[in-house]
Amino acid sequence: MTDHIAAAGSAGTPKDPQDPHDLHPFIAGLPKAELHVHHVGSASPRIVSELAARHPDSRVPTDPEALVDYFTFTDFAHFIEVYLSVVDLIRTPEDVRLLTYEVARDLARQQVRYAELTITPFSSTRRGIDARGFMDAIEDARKAAEAEFGTVLRWCFDIPGEAGLESAEETVRLATDDRLRPEGLVSFGLGGPEIGVPRPQFKPYFDRAIAAGLRSVPHAGETTGPETVWDALTHLGAERIGHGTSSAQDPKLLEHLAENRIALEVCPTSNIATRAVRTLDEHPIREFVRAGVLVTVNSDDPPMFGTDLNNEYAVAARLLELDERGLAALAHSAVDASFLDEPGKARIKAEIDAYTAAWLAP
Ligand SMILES: Nc1ncnc2c1ncn2[C@@H]1O[C@H](CCC(=O)c2cccc(C(=O)O)c2)[C@@H](O)[C@H]1O
Ligand SMILES: [Zn+2]
């Protein structure tokens, strides 16, 4: 077993069903919102191996068992290299539609009622997928998923920063062109490596996206220091921060995040798998909560990191010593920090409360 799966498993292995403190069954049924999960990074081993078999020129293993080793990363750069080999498997609008629909099914199985899925359209259009076909594929899957599973999907289009300003231009074009912009698009992001990719250069692109009504949610402070988080706030108008892990090193920043209700999209197992943080016990999530920051828990690239959202809630319960009410509060935080409208937020929060009350009733 790999290190990161062992780490996730320590909080995620099924417990004795008689154990009254086993929170897994409660978490499994808890209605949830997922705010930080990547489209391609959510491809299940079954989908990845199916696509790899379709494209034998790829070096991605076709055997789901072999994927566990393939998805073991030496560092963040290695993770991105492997990630891009999976991106290479998605070649047609039908691949995009299938992936999106299956991701929604996996979310629905975990009682995820609402998810903001980070999509990198530039990676697909530069590989030759027609932009119109791409948008139709994600929208078809979104509508089918909502009708069949009741899970509401929304999109965050992100710039793959390391691919340069050309990728920023293309992403903002796809996000703001009235003929292409999909109905489900709510936000604009920035992902990939941070080292050597300063955030301020993306300001003009974020300005255009924000002017077109999109919300700003860049990754920052995942693999570099708190100054990157400041840059994301100052230059990119960030309303939430993807990861923000290194914010813990700067008390003034923590104070700023708390005061301004800028939520952190914390992805604990991801940070171990990419070796951004050494161990779960060293994860700064406790410092964030202690400082009053609005913390949401998310899965990032779940199959690649041997996790899922339910496991991330179990990890958070262990690190933050949460009981059922604490977990319900965590689920509320994700809804509060989401870009759902107020009636939508109220509906999911009422569902969380009803579920928790029924679970705890004598
Ligand atoms: N934990 C994460 N932290 C950050 N990002 C994460 C994480 N997980 C997944 N991503 C995704 O990785 C993509 C990276 C893609 C990228 O760098 C790149 C560079 C050069 C060319 C191309 C190309 O497509 O040709 C792509 C990001 O856009 C983001 O959506
Ligand atoms: Zn991410």
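Ligands are counted one by one from 1 in listed order, and the atoms in each one are counted from 1 as well. Here the structure is a predicted model, which is why all the values come from computation and not from measurement.
At most 12 non-hydrogen atoms from other residues, nucleotides or ligands lie less than 6.0 angstrom from CD of E183. A 6.0 Å sphere centred on CD of E282 holds more than 12 heavy atoms belonging to other residues, nucleotides or ligands.
Within the listing of ligand 1, atoms 3 (N), 4 (C) sit less than 4.0 angstrom from a heavy atom of F76. Counting the atoms of ligand 1 from 1 in the order shown, those under 4.0 Å from a heavy atom of H243 are 1 (N). In the vicinity of P160, heavy-atom distances shorter than 4.0 Å reach the ligand 1 atoms 15 (C), 16 (C), 18 (C), 26 (C), 28 (O). Of all atoms in ligand 1, listed by their number and element, those nearer than 4.0 Å to a heavy atom of R127 are 23 (C), 24 (O), 25 (O).
For the Zn ion (ligand 2), the set of nearby N, O or S atoms under 2.8 Å includes one belonging to H36. Because the distance cut-off is set at 2.8 Å, C267 fails to qualify as a neighbour of the Zn ion (ligand 2), as none of its N, O or S atoms comes that close.
A donor atom on one side chain and an acceptor atom on the other are found under 3.5 Å apart for E148 and Y101.
A heavy-atom separation below 4.0 Å is not found between G164 and ligand 1. At a 4.0 Å cut-off, not a single heavy atom of M304 sits close enough to ligand 1 to count as contact. Proximity of F122 to ligand 1 is not established, as no heavy-atom distance is less than 4.0 Å. Taking 4.0 Å as the cut-off, H39 does not count as a neighbour of ligand 1 on heavy-atom distance. For the ligand labelled ligand 1, residue V87 lies outside the 4.0 Å heavy-atom shell.
Residue E162 has no N or O atom closer than 3.5 Å to an N or O atom of ligand 1. Between Y83 and ligand 1, a contact under 3.5 Å exists for no N or O pair. At a 3.5 angstrom cut-off on N or O pairs, G192 counts as close to ligand 1.
The nearest heavy-atom contact from the protein to atom 20 (C) of ligand 1 is A163 CB, 3.7 Å. If you check which protein heavy atom lies closest to atom 17 (O) of ligand 1, you get P193 CD, 3.6 Å.
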Please evaluate residues E116 and R240 with respect to the criterion salt bridge (charged side-chain N to carboxylate O under 4.0 Å, His left out), reporting the C-alpha separation (whole Å), side-chain torsions for both, the decisive distance (0.1 Å), and the verdict.
CA-CA 12 Å; E116 290 172 20; R240 294 195 316 243; 2.8 Å; yes
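For T296 (side chain) and A334 (main-chain N/O), no donor-acceptor pair under 3.5 Å exists by modelled atom type.
If you check each of L84, D158, T125 against atom 27 (C) of ligand 1, the one with the closest non-hydrogen atom is D158.
Residue T120 forms a side-chain contact (heavy atoms from CB on, under 4.5 Å) with just one option from V40, T171, D158, and that option is D158.
Looking at every heavy atom in both residues, A168 comes nearest to F202 through CB-CD2, 4.0 Å.
Ion pairing between a basic and an acidic side chain is recognised when a charged N comes within 4.0 Å of a carboxylate O; R318 and D281 show such pairing.
In terms of distance to the Zn ion (ligand 2), the nearest N, O or S atom of D300 is named OD1.
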